Amino acid sequence: MAIPVKLQVFEGPLDLLLHLIDKNKIDIYDIPIVTITEQYLSYIKQMDTDDMNVMSEFLVMAATLLDIKCKMLLPKEVNEEGEEEDPRAELVQKLLEYKMYKFMSFELKDRQVDAGRTMYKEPTLPPEVADYRPPVDYEDLIGDLNLSKLHEIFKSVVKKQEDKIDPIRSKFGRLEKDEVNMDEKILFIEAYTKDHKRFSFRALLEKQASKMDVIVTFLVILEMMKTSKISIEQQEIFDDIIITSNM
Amino acid sequence: MERAKKEAIIEAVLFTMGESVDISKLAEVIEEDTKEAKIIIEEMMQKYQEENRGISIIELDGAYQMCTKGEMYEYLIKVAKSPRKYVLTDTVLETLSIIAYKQPVTRLEIEKIRGVSCDHAVNRLVELDLIKELGRLDAPGRPLLFGTTEQFLRSFGVRSLEDLPSLNPEQIEDFKEQAEEEIQMKLDV
Amino acid sequence: MERAKKEAIIEAVLFTMGESVDISKLAEVIEEDTKEAKIIIEEMMQKYQEENRGISIIELDGAYQMCTKGEMYEYLIKVAKSPRKYVLTDTVLETLSIIAYKQPVTRLEIEKIRGVSCDHAVNRLVELDLIKELGRLDAPGRPLLFGTTEQFLRSFGVRSLEDLPSLNPEQIEDFKEQAEEEIQMKLDV
């Protein structure tokens with residue numbers, strides 16, 4: 001019979017990790033990563049949540065732990081100063097920072113209880129005073145601002161707007177579908193092969209108009225090789241490829 | 001309960017309630033009968049009469065209320081009416097510049113240019129009488145159109161809207177090119 | 001103007017306004033500079049600490065507000081409606097503590113520290129007027145920056161941000177020592 005385990009609710013993966021560290025009474029600076037990873041994984045296996053957002057956050061940490069575990073098995077990386085880097089260092093910093101804020105949140109809670117005991121009073125202004133709006137001193141308000149400064153501000157606003165447009169991605173919309181047709185290319189190369197019998201691959205490529213034509217030509221040649229319509233030979237690496245027709 | 005504490009409680013209760021509080025209620029809180037409570041309050045009222053106090057307790061038909069002393073009125077008005085320091089924040093200034101150069105313009109257009117909501121800034125500018133509603137755009141939702149006011153012209157020493165320096169299309173092209181160059185540089189690195 | 005009168009005016013103003021009043025405003029009404037006004041108010045605050053007073057003056061980031069003393073609470077709830085208590089969940093409190101200490105801070109930075117999303121908590125805190133938008137970070141996407149409000153100071157009995165319980169590297173050291181002690185204990189056993 002399964003023993004129903006009441007799982008504590010954690011604020012997130014860091015909270016869970018801190019709990020495990022606390023429970024195992026281990027030094028946060030020297031986390032036995034294998035043990036903690038095992039416990040962490042067994043905990044999230046028991047987690048009963050349909051919320052993929054919540055679950056994914058816990059899974060990201062699981063992946064991080066496994067990654068650290070692997071790195072611990074490998075020879076230690078050495079940084080520029082020749083020091084060995086502890087794969088756990090980043091996680092430790094995160095845990096410490098989180099722990100600090102968590103601690104402060106308890107402090108704040110205490111303070112709130114105390115502060116909640118004071119009471120305030122609503123304003124008791126006569127309505128004609130409450131509704132009063134003092135006149136605006138425009139000279140003071142505008143100060144040394146003038147039209148050309150306002151113009152500079154406008155220009156900088158427009159510039160900021162332009163900066164926000166990603167010049168590369170904003171052009172993606174203009175990409176046109178390439179009109180290179182695979183079937184047509186096959187017909188063309190087969191005809192070319194029949195005419196030439198034995199020819200240079202480079203010479204064939206030079207007849208291609210665009211990068212897409214080159215790529216498709218290359219694909220067609222590969223395909224024809226596979227189906228033994230042609231054979232190829234190359235003397236040396238990076239040499240021209242000589243194509244011979246088998247048709 | 002000590003006498004000092006009773007006085008403190010009465011003061012706190014009258015302050016918090018703001019309105020008049022019946023003597024029976026006050027008596028109950030300080031755990032006294034109304035007669036004794038009355039004596040305490042009367043004495044407190046005496047103390048409040050001292051020169052350095054700005055508030056006092058008044059009796060209203062068996063109830064008590066805390067209020068400011070009459071002679072404080074002129075100072076209270078002064079605070080409430082004290083000229084507020086108006087300042088134009090960057091957000092407000094940016095919004096104003098867009099309205100000045102693009103008027104008549106809707107909130108939506110301003111937001112498109114700034115990339116953030118402008119409600120607060122627009123309201124502030126209307127309040128300061130630097131911009132005003134010019135009517136509504138004949139488009140879905142009939143959005144309000146804004147433009148600058150006479151006060152704006154006066155404050156900026158502009159005789160008419162035609163005096164506003166214009167931002168020409170070439171300038172916008174320049175900005176575009178600059179943005180592209182910056183990106184290119186980043187890619188090259 | 002006599003000193004007694006200045007005190008009276010300050011008391012009357014703080015009582016009437018109910019809300020926090022900036023030191024500069026108070027100084028103006030009593031016709032003093034802010035430094036002198038501050039001295040007077042600090043002295044008044046001392047006087048309010050006497051036993052027979054139920055109200056006191058608190059400082060909130062350069063502004064002053066009148067309120068009841070904390071120890072009056074149990075008597076006040078007998079007559080006054082107790083102020084609505086918002087119970088903050090741990091999630092909300094954690095988020096708030098990060099914002100309080102790291103302000104101005106973006107959602108992303110909060111999420112990095114907590115390891116989980118904070119949208120809900122941030123929205124709740126804005127709703128409760130404990131935090132507010134401070135502007136936008138000049139970075140891609142122009143993310144919103146958040147910081148605490150005056151209401152935050154009031155709700156947590158903090159006079160100013162400097163008055164927050166300290167959070168410093170030594171605190172981390174403390175944590176470290178605690179952890180080491182625990183280890184040591186284990187080894188000793």
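Nothing here was measured: the structure is a model prediction, and the numbers come from that model. Lettering of chains follows the sequences in order, A, B, ..., and the numbering in each one begins at 1.
- Looking at heavy atoms from C-beta onward, L108(A) lies in side-chain contact with F152(C) at the 4.5 angstrom threshold.
- No salt bridge links D90(C) with K102(A); every basic N to acidic carboxylate O contact stays at or beyond 4.0 Å.
- Contact annotation: the side chain of K121(A) never approaches that of M66(C) to less than 4.5 Å [non-hydrogen atoms, C-beta and beyond].
- For I58(C), the part lying near chain A is the side chain, with the backbone staying farther off; criterion is any non-hydrogen pair under 4.5 Å.
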- List the steps, then state whether side chain to side chain contact (heavy atoms under 4.5 Å, CB included) holds for V158(C) with R111(A). CA-CA 8 Å; V158(C) 186; R111(A) 288 208 169 205; 3.9 Å; yes
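- For E107(A), the part lying under 4.5 angstrom from a heavy atom of chain C is the side chain only.
- Within a 6.0 Å sphere centred on CD of E90(A), heavy atoms belonging to other residues, nucleotides or ligands number 12 at most.
- For the pair E97(A) and K102(C), the salt-bridge criterion is met [side-chain N within less than 4.0 Å of a carboxylate O].
- In Q49(C), the CD atom is crowded: over 12 heavy atoms of neighbouring residues, nucleotides or ligands sit closer than 6.0 Å.
- If you measure heavy-atom distances from S117(C) to chain A, the contacts under 4.5 Å come from both the backbone and the side chain.
- The two residues T68(C) and R117(A) come nearest to each other via the heavy atoms OG1-O, 4.2 Å.
- Heavy atoms only, all atoms of each residue included: K94(A) and K112(C) are closest at CE-O, 3.4 Å.
- To the nearest 0.5 angstrom, M72(C) atom CE is 11.5 Å from M119(A) atom CE.
- Heavy-atom minimum distance, R154(C) versus A115(A): O-CB, 3.6 Å.
- Contact detail for P13(A) and V116(C): the closest heavy-atom pair is CD-CG1, 3.6 Å.
- Note that CE of M104(A) and CG of L93(C) are 12.0 Å apart. Values are rounded to the nearest 0.5 Å.
- Contact of M17(C) with chain A is made through backbone and side chain together, with heavy-atom distances under 4.5 Å.
- Considering every non-hydrogen atom in both K69(C) and T118(A), the closest pair reads C-CG2, 4.2 Å.
- Residues V87(C) and K109(A) form no side-chain contact, since every pair of their non-hydrogen atoms from C-beta on lies 4.5 Å or further apart.
- Looking only at atom types and distance, the side chain of S155(C) has no donor-acceptor partner in the side chain of Q112(A) under 3.5 Å away.
- Considering every non-hydrogen atom in both I98(C) and Y101(A), the closest pair reads CG1-CG, 3.6 Å.
- Put simply, CZ on F106(A) and OG on S97(C) are 9.5 Å apart, with the number rounded to the nearest 0.5 Å.
- To the nearest 0.5 Å, atoms OH (Y120(A)) and SG (C67(C)) are separated by 4.5 Å.
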